[in-house]
Amino acid sequence: MLKDVHPEKRFEQVYDYILERIRRGEWKEHEKLPSIRMLAAEFGVHRLTVFRAYQLLKQENKVYVRDKSGYYVQPGSLLSPAAQQDPIVSAYVHESHLSEIHQVEAAYQFSKALLDPNLLPNRYFSEYVKNVFDLYPKVLGTYSTTQGDLELREALTRYFTKRYRFDLTHDEVLITSGSQEAIDLIARVLVRPRDSVLIDRPTYSPAIDVFRRQGAHLVPIGIGPDGYRLDQVEELMKKHKPRLFYLNPTFQNPTGYTVPAEQRKRLADLAAEYRCLLIEDDPCPDIYFGHEPPLPFFAYDTAGMTIYIRSFSKYVAPGLSIAMIACRPGLMSYLVKAKSLSDSGTPLLNQKIFLHYFFSERMQRHLEKLRTALAIRKDVMEEELAGTGWEWKSPEGGFNLWIKLPESTPMERLLVTSREQSISFVPGSICDPLRELKSWIRLSYSFLNEQQLREGLRRFAGIYRELTTGSNEG
């Protein structure tokens with residue numbers, strides 16, 4: 001059953017199988033579990049593989065051992081029936097699907113790294129929609145080209161050349177329906193089973209899912225407040241000869257960290273030296289609270305080893321879902337072919353509306369107001385959490401706080417109880433390629449207004465106190 005799984009990962013698959021069946025109540029408390037010999041035969045693996053899985057379960061107090069009898073289910077390992085059906089708990093326990101969390105309705109949405117719709121200039125936006133129909137009366141009667149509307153690609157080329165000093169032509173730009181489509185296209189074109197892919201740890205959860213679906217061997221690289229350890233990056237490039245390195249270097253999701261300019265220059269050189277493509281995901285460089293962030297990697301790249309993804313969905317017009325890919329022609333031709341197999345191009349109406357909306361003076365002025373509003377909301381969140389004892393690095397931009405809770409935090413109970421009180425957040429483990437970081441969480445301050453932030457955070461901190469006080473007393 002596990003013949004296509006790397007030998008070093010097979011025990012993890014056995015571990016997941018046993019744990020899921022325990023959590024779903026298929027094996028009850030104190031019930032004897034299948035023997036090592038039986039599971040080894042069922043999975044077609046060596047008995048030591050099953051033994052490693054059982055030992056990890058034992059360390060985590062999910063099972064216990066009776067001398068000369070075998071392994072048994074530890075009490076308290078089962079999820080309640082309600083928790084088993086909860087998408088957030090399911091995403092935490094079983095698979096890292098951030099989309100499942102986003103589908104959950106909650107009064108206090110700390111899980112959505114999206115803009116509060118009330119912060120957008122909605123009245124002005126409707127004017128641009130009307131103008132588009134006046135300028136392009138036949139816009140609903142035709143498809144866009146697969147690569148994207150030429151007028152928009154030319155405007156984006158001028159914008160990035162002027163602002164970031166990109167060496168770019170309109171033929172090197174592809175319009176996609178959001179950044180996730182861009183990541184998916186790149187993975188389908190460039191990644192084959194067992195290819196090594198370097199990836200931030202932690203990182204944007206859907207990217208983990210996309211590369212894993214392609215069968216990639218994920219090689220995590222730790223990112224911190226000061227960026228990367230470049231000696232470690234070079235060592236991993238030498239060792240694994242990765243196909244690509246997926247990174248989110250500006251106000252990184254989920255951490256908010258930003259890779260400094262000097263590291264960007266050196267990483268661009270390393271990518272050229274080791275023939276490793278840099279996949280630069282850049283969803284919110286305009287959302288800075290002090291100085292502008294450094295130039296994108298693409299601006300430092302002279303060897304054509306960077307594919308730049310720029311999304312405009314989070315803070316310009318989420319409903320339009322516009323993003324772009326910039327890369328050199330040799331790569332672009334393959335990406336356009338891959339997109340043509342998925343659709344006939346990103347909707348033309350969305351592209352035209354975005355073109356006239358984003359490049360307007362009104363929208364560019366609005367970005368300054370938007371930065372101020374989000375900086376205030378970040379300050380509100382940090383103020384409300386100041387007395388919790390939790391740890392975080394205050395970000396210089398973006399939408400999230402990446403927060404370290406005490407190691408003893410009962411994360412599953414925190415998830416379940418928060419959901420019962422209509423509070424959602426992102427557990428850190430689903431942002432981790434190794435599925436660890438169990439005591440970290442991501443809280444987003446961008447989706448709720450200031451009053452909702454204060455109310456929701458006070459409730460959330462209260463839930464945490466009750467759970468941890470109760471467990472300490474127990």
Side-chain angles (χ1 to χ4, degrees), residues 88 91-92 96-102 109-116 176 178-184 186-187 197-212 218 220-225 227-228 245-259 264 278-289 293-294 296-297 307-316 318 321 323 370-371 374-375 377-378 381 392-404 424-435 437 440-448:
I88 292 183
Y92 171 74
S96 59
H97 292 317
L98 188 60
S99 60
E100 294 181 12
I101 293 178
H102 286 167
Q109 289 273 13
F110 298 117
S111 60
K112 287 191 175 181
L114 295 173
L115 196 65
D116 176 0
T176 66
S179 61
Q180 284 186 228
E181 185 194 20
I183 297 168
D184 180 68
I186 291 166
V197 170
L198 303 184
I199 193 165
D200 289 347
R201 179 178 186 237
T203 192
Y204 179 50
S205 173
I208 298 174
D209 299 332
V210 167
F211 291 122
R212 277 196 175 138
L218 297 184
I221 292 183
I223 183 170
Y228 303 107
F245 181 1
Y246 171 81
L247 35 71
N248 176 201
T250 303
F251 313 133
Q252 198 249 15
N253 185 354
T255 64
Y257 303 151
T258 295
V259 177
R264 298 181 185 221
L278 300 178
I279 311 302
E280 181 179 9
D281 192 356
D282 199 13
C284 54
D286 288 325
I287 308 302
Y288 55 87
F289 303 143
F297 279 83
I307 299 179
Y308 181 67
I309 303 171
R310 174 65 180 272
S311 172
F312 302 93
S313 296
K314 287 186 179 296
Y315 65 95
V316 178
S321 194
L370 191 56
R371 285 190 281 269
L374 289 175
R377 294 184 186 204
K378 175 187 75 85
M381 177 170 278
W392 66 88
K393 170 74 172 177
S394 185
E396 297 177 359
F399 300 92
N400 309 302
L401 289 191
W402 179 241
I403 299 173
K404 176 74 165 64
S424 69
F425 65 92
V426 175
S429 64
I430 76 167
C431 303
D432 180 7
L434 301 180
R435 292 297 306 229
L437 300 179
W440 291 82
I441 62 173
R442 191 194 78 180
L443 296 182
S444 300
Y445 46 77
S446 57
F447 195 70
L448 301 177

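Hydrogens, waters and symmetry mates play no part in the numbers below; they use all other heavy atoms, side chains included. Since the model is a prediction, treat every value here as computed from it, not as a measurement.
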Between R442 and G428 (side chain of the first, backbone of the second, donor and acceptor by atom type, cut-off under 3.5 Å), is there such a pair? no
Taking side chain to side chain donor-acceptor pair (under 3.5 Å) as the test, write out the residues that go with [X], two or more places apart.
{"X": "S444", "value": "N400"}
{"X": "Y228", "value": "D200"}
{"X": "T255", "value": "Q252"}
{"X": "R201", "value": "D432, E436"}

Could I get the full list of ring pair (Phe, Tyr, Trp, His ring centres under 6.0 Å) partners for F211, not counting sequence neighbours? Y246
Check the pair L247, V259 against side-chain contact (heavy atoms from CB on, under 4.5 Å), reporting the backbone distance first and the verdict last. CA-CA 10 Å; L247 35 71; V259 177; over 6 Å; no
Sequence neighbours left out, what passes salt bridge (Lys or Arg N to Asp or Glu O under 4.0 Å) with [X]? Give chain and number order.
{"X": "E181", "result": "K339"}
{"X": "R310", "result": "D286"}
{"X": "D184", "result": "R188, R213"}
{"X": "K393", "result": "none"}

With under 30° as parallel and over 60° as perpendicular, where do the rings of W440 and W402 fit, or are they tilted in between? parallel
Just do the side chain to side chain donor-acceptor pair (under 3.5 Å) check on K112 and S424 with the steps written out, would you? CA-CA 9 Å; K112 287 191 175 181; S424 69; over 6 Å; no
Quick one: are P293 and F251 in side-chain contact, heavy atoms under 4.5 Å? yes
Would you say K378 and S394 are linked by a side-chain donor-acceptor pair, where the criterion is simply a distance under 3.5 Å? yes
Kindly indicate whether a cation-pi arrangement holds for R371 with Y288, taking the cut-offs as under 6.0 Å to the six-membered ring centre and within 45° of the axis. yes
Please report the shortest heavy-atom distance between C284 and F399, naming the atom on each side. CB-CE1, 3.4 Å
Interatomic spacing from CG in L115 to CG in L374 - rounded to 0.5 Å: 6.0 Å
